[in-house]
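Presented below is the structure to which this report refers.
Order of appearance sets the numbers: ligands from 1, and atoms from 1 within every ligand.
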Amino acid sequence: MDNAKLTKILSQVEAFPSMPAAGAKLLALLEEPEVSVNEVEDILRYDPGLTANVLKLANSAYFGIPARIGSVKQAIVLLGLKRLIQLVIASCVGAVMNKSVPGYNIPPGNLWRHSIAVSIAAEALVKDKHNLDAEDFFTPALLHDIGKLVLGNFVKDDLNSIESITAKGIPFVVAENMILGTDHCKIGAKILGMWSFPTEIVNAVRWHHDPETSDDSTMQIDVVHLANLLCQTNATAPDSAGQSVELSTAVIERLGIEIAQFETISGKVAQWVSELADVLTFS
Ligand SMILES: [Fe+2]
Ligand SMILES: [Fe+2]
């Protein structure tokens with residue numbers, strides 16, 4: 001590992017595109033105690049392409065709304081403001097996440113489908129927990145691997161060295177650190193920090209492979225960790241081909257998840273993903 005390489009990686013993070021203006025403004029609204037429908041409509045009015053994608057997602061079979069949602073106002077009434085803002089964020093990142101990712105051997109579309117899969121699995125894991133709002137888990141799960149978009153090119157250049165480490169059974173993310181001096185979790189957290197995401201979301205991305213090392217364990221970290229692992233073992237596009245990932249037993253204990261529940265969700269995720277991930281077409 002050399003410092004020049006790490007400096008180059010960090011300069012690529014700074015050059016990463018900013019969140020589209022409408023997404024950034026709506027994200028800031030999430031922190032406000034009261035938000036009016038008019039404020040949201042005003043922000044989206046200037047981005048018809050984004051609005052069209054948000055409405056496509058809102059009308060996807062996944063949400064099961066029987067009537068057709070034709071406006072931002074209707075979407076807020078039927079799905080709620082928090083969900084609408086999540087769909088705006090998903091629409092903003094969908095196009096970049098739909099590309100192939102070098103280094104990780106991820107073909108076009110797979111990172112997007114994997115990200116949606118993890119979001120859906122995260123919500124399903126906490127749906128029955130009365131003290132939690134399942135929707136709070138969607139966005140950190142959606143963005144958990146965004147760091148790969150920057151780190152992929154560097155992983156590609158050093159893939160032989162990384163693979164000589166993973167061949168010994170060492171997790172891929174540890175090998176990233178050994179060779180590059182950073183990993184896709186840290187880089188993802190940096191991107192989201194730059195985009196002014198709330199700290200809980202940044203931390204969930206930062207620690208998704210290593211929940212026990214975080215100073216503050218949070219439900220978001222635990223659930224994203226578990227949901228990501230759940231999506232390694234079914235047909236919803238694994239994290240990356242052949243990467244070994246370790247399940248934290250402390251997380252299982254903290255969440256009190258039964259193995260049967262894990263299996264039920266695992267069996268349904270692929271169907272839910274096709275209902276939500278495939279509605280956006282990217283050009
Ligand atoms: Fe990851
Ligand atoms: Fe992942």
Side-chain angles (χ1 to χ4, degrees), residues 9 13 16 89-90 93-94 96-125 137-156 159 162-163 165-166 170-180 182-193 197 201-214 218 220-248 251 262 265-266 269-270 272-273 276-277:
I9 295 171
V13 172
F16 198 71
I89 292 166
V93 297
V96 277
M97 287 194 138
N98 199 47
K99 299 196 169 106
S100 63
V101 189
Y104 295 95
N105 195 20
I106 301 176
N110 270 25
L111 183 62
W112 172 242
R113 288 176 68 81
H114 169 68
S115 303
I116 292 283
V118 177
S119 303
I120 289 170
E123 288 197 344
L125 281 168
F137 296 82
F138 187 90
T139 303
L142 183 80
L143 300 172
H144 76 282
D145 275 338
I146 197 163
K148 288 183 177 177
L149 296 176
V150 168
L151 208 61
N153 279 318
F154 298 92
V155 168
K156 188 180 95 194
L159 196 57
I162 290 174
E163 285 184 342
I165 295 171
T166 57
I170 293 171
F172 200 96
V173 66
V174 177
E176 286 175 358
N177 270 297
M178 290 165 74
I179 299 298
L180 301 171
T182 188
D183 60 44
H184 72 277
C185 314
K186 292 175 187 162
I187 297 299
K190 278 192 190 300
I191 293 170
L192 298 189
F197 269 82
I201 294 184
V202 175
N203 282 342
V205 172
R206 168 65 186 85
W207 301 105
H208 75 271
H209 280 287
D210 201 9
E212 286 167 49
T213 311
S214 162
T218 65
Q220 260 119 330
I221 297 173
D222 285 354
V223 170
V224 173
H225 170 77
L226 193 56
N228 183 44
L229 285 161
L230 190 148
C231 295
Q232 312 288 315
T233 51
N234 61 27
T236 51
D239 205 34
S240 294
Q243 290 187 18
S244 96
V245 209
E246 283 173 8
L247 175 62
S248 160
V251 167
F262 202 80
I265 297 169
S266 184
V269 163
W272 293 331
V273 171
L276 187 55

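Between the Fe ion (ligand 2) and His208 there is no N/O/S contact shorter than 2.8 Å. When distances to the Fe ion (ligand 2) are checked against a cut-off of 2.8 Å, His144 contributes an N, O or S atom below that limit. Distance check for Gln232 against the Fe ion (ligand 2): none of its N/O/S atoms falls below 2.8 Å.
The Fe ion (ligand 1) forms the vertex of an angle spanning OD1 of Asp145 and NE2 of His184; to the nearest 10 degrees it equals 90°.
Outside the 6.0 Å centre-distance limit, the rings of His208 and His225 are not counted as a close aromatic pair. Aromatic rings of His209 and His184 (six-membered ring for Trp) have centroids within the 6.0 Å cut-off, being under it.
Two residues are said to be in side-chain contact when any heavy atoms from C-beta on lie closer than 4.5 Å; Val224 and Val205 fail this criterion. Side-chain contact between Ile265 and Leu230 is present, with heavy atoms from C-beta onward closer than 4.5 Å.
His209 contributes atom NE2 as its closest N/O/S atom to the Fe ion (ligand 1).
Judged purely by atom type and a 3.5 angstrom limit, Ser100 has no side-chain atom pairing as donor or acceptor with the backbone of Pro107.
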